[in-house]
Structure formats: C-alpha cells, structure tokens
Amino acid sequence: ITVEAEPKQYTVTLNKQSGEGGTSSVTATYAATMPTITPPTRTGYTFNGYFDATSGGTKYYNANGSSAKNWDKTSNTTLHAQWTANKYSVKFNANNGTGTMSNQSFTYDVEKALTANAFTRKGYTFLGWAKSSSATTATYTDKQKVKNLTANNNSTVNLYAVWQALPPTPVILKPN
C-alpha cells in the first residue's frame, strides 16, 4: 500500500514595500501555481510584481496579481513588492508669448529644476508658471526645483507662462 503524502503548504507573506492595499499573505502549495492576489498600489509608482528579494531576485507574481512561477520553496517565506517610479513630462506653453521650449522629463519623487524660461512677450514681464492659462499669479518661479507634479505614469503636465503688463512708458512732450 502506497500512501500519498499531502502536498506541502507554506505561508507566503507579501511585503508591500511602501505600497498599500491588496493581498497581505497567501497559502502556497509546493510545485503548484501561486494563488491569484490583488496587487497593492503606491502613489506615483508602477507595481512590477512580487519577488523573493527586495531588488532583483526571482519573480513569483506578475503586476496584475497572476502567478509568474510555481511555488518552489520548502518554508514559509516573504515576497517583496518591487516598484518603478512613474515618469511624466512638463510641456511649457508661451500663453500669448513667443519662442519655443522643449518638453522636460521628470521622475516621480525626484526633485529637479524647471527649465529656464525662454519665452518673451512684448510689453510684459515673466512672473513664472501656473497650471492654468488664465492664472494671474505664478505657482512656480523660473527654474524652481519641483517634484511630483503628477502621479500618473507617462502623463503630461501643462505649465503656462504667467505675464504681467509693464507700465506704459511716459511720453515727455518738449515745448517748441
């Protein structure tokens, strides 16, 4: 008589590494597909999956929470979420000014100075940048260091030049 051993089951703790929500732990069966999980979320970051190391390592869960690999460990284990900081761009709008400026690339959680203003507007002085074309005060100054203007991956933030009219030049009349 041959007695089949029960499949070995192990507790797998899911370390979210600054993420929130989602599944916290699962029971994995040796040599079986990992049970489906709900992935965590993290503002400004894209979830890459759960791995057996805090960076690098072997991937056990895909970003969508599906199994990436059959369970092959023979002990209770912690898997670690791995994240990629989202990237976005800033588009500069002359807002009735003239000139050109290239878009600027940013990475979430990385502080970086805005590109120096290259726009001009006759009869106006440049005050700075705002997220609205109708703003009369600047939210950001020229070359200000900024970060986290958006949390959305591959999105574009529009910054509009804010202008203030210069006072008229007085005309001095000379008597004949």
Side-chain angles (χ1 to χ4, degrees), residues 14-24 36-51 53-57 59-68 79-176:
L14 302 174
N15 177 352
K16 299 172 189 177
Q17 303 266 74
S18 300
E20 297 176 348
T23 306
S24 295
T36 300
I37 61 158
T38 301
T41 59
R42 182 176 173 191
T43 301
Y45 290 80
T46 299
F47 178 63
N48 297 325
Y50 277 108
F51 296 73
T54 55
S55 64
K59 184 181 210 176
Y60 283 86
Y61 277 106
N62 296 310
N64 67 0
S66 65
S67 177
L79 296 179
H80 306 276
Q82 290 185 16
W83 303 93
T84 300
N86 290 341
K87 298 197 180 308
Y88 61 94
S89 62
V90 169
K91 181 178 182 178
F92 298 95
N93 184 305
N95 201 17
N96 296 317
T98 58
T100 59
M101 288 182 67
S102 297
N103 290 0
Q104 186 178 6
S105 298
F106 285 84
T107 302
Y108 195 81
D109 271 346
V110 177
E111 188 176 64
K112 186 174 176 180
L114 291 169
T115 302
N117 174 47
F119 298 132
T120 58
R121 185 173 176 191
K122 188 173 173 88
Y124 288 80
T125 186
F126 176 74
L127 297 180
W129 304 103
K131 287 187 175 182
S132 166
S133 62
S134 60
T136 56
T137 59
T139 307
Y140 308 105
T141 59
D142 197 25
K143 300 182 276 185
Q144 180 177 331
K145 288 186 176 181
V146 297
K147 71 176 183 177
N148 303 349
L149 297 181
T150 181
N152 300 327
N153 199 29
N154 299 319
S155 64
T156 300
V157 174
N158 291 299
L159 291 184
Y160 299 87
V162 179
W163 302 101
Q164 182 176 39
L166 294 170
T169 306
V171 177
I172 299 171
L173 300 174
K174 293 183 182 177
N176 291 355

Side-chain heavy atoms of Tyr108 within contact of Asn153, under 4.5 Å: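 Not in contact.
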I want to check something: taking the side chain as every heavy atom from C-beta on, are Asn95 and Val162 in contact at a cut-off of under 4.5 Å?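 A side-chain contact under 4.5 Å is absent here.
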For [X], all residues meeting side chain to side chain contact (heavy atoms under 4.5 Å, CB included), sequence neighbours excluded:
X	answer
Glu111	Lys145, Lys147
Pro40	Lys16, Phe47, Tyr50, Trp83
Thr23	Leu14, Val26, Ile37, Thr38
Thr156	Ser89, Lys91, Asn158

Closest contact, heavy atoms only, [X] versus [Y]:
X	Y	answer
Ala94	Ala161	O-CB, 3.6 Å
Gly57	Ala53	CA-CB, 3.9 Å
Gln17	His80	NE2-CB, 4.0 Å
Gly49	Lys59	CA-CE, 4.4 Å

Can you name the residues that form a ring-ring contact (aromatic ring centres under 6.0 Å, His included) with Tyr88, not counting sequence neighbours?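 Once residues adjacent in sequence are excluded, the partners of Tyr88 under the ring-ring contact (aromatic ring centres under 6.0 Å, His included) criterion are Phe106.
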Restricting to ring-ring contact (aromatic ring centres under 6.0 Å, His included), what partner residues turn up for Tyr61, sequence neighbours left out?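 ring-ring contact (aromatic ring centres under 6.0 Å, His included) check on Tyr61 returns nothing, list empty.
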[X]: which residues meet the side-chain hydrogen bond (donor to acceptor under 3.5 Å, both in side chains) condition with it, sequence neighbours left out?
X	value
Lys112	none
Thr46	Asn86
Thr115	Gln104
Asn62	Ser66

[atom2] on [Y] to [atom1] on [X], rounded to 0.5 Å:
X	Y	atom1	atom2	value
Asn152	Thr43	CG	OG1	10.0 Å
Leu149	Trp129	CG	CH2	12.5 Å
Ser24	Asn15	OG	CG	10.5 Å
Lys122	Asn96	NZ	CG	16.0 Å

Stepwise side chain to side chain contact (heavy atoms under 4.5 Å, CB included) check, Asn93 with Phe119: CA-CA 9 Å; Asn93 184 305; Phe119 298 132; 5.8 Å; no
Expected output: side-chain Asn148 to main-chain Thr150 donor-acceptor under 3.5 Å: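 No, Asn148 side chain to Thr150 backbone: no donor-acceptor pair under 3.5 Å.
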Taking everything shown except Lys131 itself, do over 12 heavy atoms lie less than 6.0 Å from its NZ?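 Yes, because the 6.0 Å sphere around NZ of Lys131 holds more than 12 heavy atoms from other groups.
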Listing request: all ring pair (Phe, Tyr, Trp, His ring centres under 6.0 Å) pairs with a residue in residues 134-176, at least two apart in sequence or in separate chains.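 Ring pair (Phe, Tyr, Trp, His ring centres under 6.0 Å) check on residues 134-176 returns Phe126-Trp163.
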Apply side chain to side chain contact (heavy atoms under 4.5 Å, CB included) to Phe92 and Leu114, showing your working. CA-CA 10 Å; Phe92 298 95; Leu114 291 169; 4.2 Å; yes
Does Phe51 form a side chain to side chain contact (heavy atoms under 4.5 Å, CB included) with Gln82? I'd like the steps, not just the answer. CA-CA 7 Å; Phe51 296 73; Gln82 290 185 16; 3.3 Å; yes
